[in-house]
Number of protein chains: 2
Amino acid sequence: MVAGPLPAPSGPGKDRLRLWIRLLRASRTIEAELRERLKKEFDTTLPRFDVMAALYRVPEGMLMSDLSRFLLVSNGNVTGIVDRLVSEGLVARARRNGDRRTSMVRLTEEGTKSFAIIAAAHEGWIGELLGKVSEEDARRLTGMLTSFRSNWEGRE
Amino acid sequence: MVAGPLPAPSGPGKDRLRLWIRLLRASRTIEAELRERLKKEFDTTLPRFDVMAALYRVPEGMLMSDLSRFLLVSNGNVTGIVDRLVSEGLVARARRNGDRRTSMVRLTEEGTKSFAIIAAAHEGWIGELLGKVSEEDARRLTGMLTSFRSNWEGRE
DNA sequence: ATATAAAACTTTAAGCTTGAAATATTTTAC
DNA sequence: GTAAAATATTTCAAGCTTAAAGTTTTATAT
């Protein structure tokens, strides 16, 4: 996946392969740095941050299945992360009256306060880590990635 | 991390934050698809593929520490993956005469053959998954990501 | 020479991740 | 009305991942 710079392959399809490798290395590098800072500064993890970020947008809460779909991870995965956040008092589960299979998950007051602080730091880090990307390039790159994404939505 | 499309934040630094979110979602989407195909078609995993891809470039082998540095993962992580590949006969460890702390890790003949087949399929998948990105955009995007990467190398 | 530090690697504990199986509930089809 | 299918979620086993601590070997400084 993170294949090599050495022989510099060429031929049809190689440009896209090279793009993929760069994309993956860039995101892994940034992810590793964020992970480390979240741990050091706030004693939390990237998956916890992701869940809280998703919930922060929607004060009334989300269903577990919406959460896992939004985060692009499996159902069982979210269960574990939410379990831990609940045990720390940052997130609450609420069974619904209507459909007793589902449970609404939302940030607690403490979780909301806590996330707001972390998110501010996070945004600063991204500004720092991507600082060398010009605003114009950032918008252009975002545009390309967005059109890529739209080709994918609703697949399978 | 994979934060939301809904309120569309604005302000200074938001362009870079949006870029990061798009970057992360794109790589996670592709990664998930590759993971699934590797499992279904070849009964293997992305981390195993990554390790084999790294070794494939260097027939004489790599040190464990070079491998983990190259793959951007921790030392202990590589130990486990290589252990499993060795037990499957795809990879071999060889203690060196000179420095007895190190061990040279390389693909076995079987591992080389096996990887060549998987890599061909993998390249086709990338072509398919990134098919909507024009060759020109691919090169431009790669260029941007490369310059970003060079800002990072040798950090910490 | 010998203590100290550095380097290469493995082990460990805790947490993340997936796909598949299990449970509980609701909806659909006769 | 009831059996079957669909939906929402959790549980489970296996594997991935990290940071920190531990082991062995080599290099450095006195």
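Between A32(B) and T45(A), the residue whose closest nucleotide on DNA chain C is further toward the 5' end is T45(A). When each of R35(A) and M62(A) is assigned the nucleotide of DNA chain D with its nearest heavy atom, M62(A) is the one assigned upstream, toward the 5' end. Mapping K39(A) and R48(B) onto DNA chain D by nearest heavy atom places R48(B) closer to the 5' end of the strand.
R139(A) is linked by a side chain to side chain contact (heavy atoms under 4.5 Å, CB included) to E135(A), D15(B), counting only residues two or more places apart in sequence or in another chain. A search for side chain to side chain contact (heavy atoms under 4.5 Å, CB included) contacts involving T142(B) returns R18(A), L19(A), R22(A), T146(B), not counting sequence neighbours. Contacts of E60(A) classified as side chain to side chain contact (heavy atoms under 4.5 Å, CB included), with partners at least two apart in sequence or in another chain: V58(A).
Close placement of the F49(B) and F115(B) rings is indicated, their centers lying within 6.0 Å of each other.
The span of DNA chain D lying next to chain B, judged by atoms under 4.0 Å from heavy atoms, is bounded 5' to 3' by dG15(D) to dT26(D).
We find that NZ of K40(B) is positioned 14 Å from P of dT18(C), with the value rounded to whole Å. Here the P atom of nucleotide dT18(C) and the CZ atom of R37(B) are 17 Å apart, to the nearest Å. Separating the CZ atom of R100(A) from the C1' atom of dT27(C) is a distance of 15 Å, rounded to the nearest angstrom.
S27(B) contributes no side-chain N or O that, together with a main-chain N or O of L23(A), makes up a donor-acceptor pair within less than 3.5 Å.
Using a 4.0 Å cut-off between charged side-chain N and carboxylate O, R16(B) and E128(A) make no salt bridge.
Within the structure, the side chain to side chain donor-acceptor pair (under 3.5 Å) test picks out the following pairs touching residues 72-94 of chain B (sequence neighbours left out): R48(B)-E88(B), S68(B)-N75(B), D83(B)-R93(B).
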query = With the sugar-phosphate defined as primed atoms, P, OP1 and OP2, and the base as all remaining atoms, what B/S/- string results for nucleotides 4-12 of chain C, 5' to 3', for protein heavy atoms under 4.0 Å?
reply = --BBSBBB-

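When hydrophobic clusters are built by joining Ile, Leu, Val, Met, Phe, Trp and Tyr residues whose side-chain heavy atoms come closer than 4.5 Å, directly or via intermediates, L85(B) is not grouped with M104(B).
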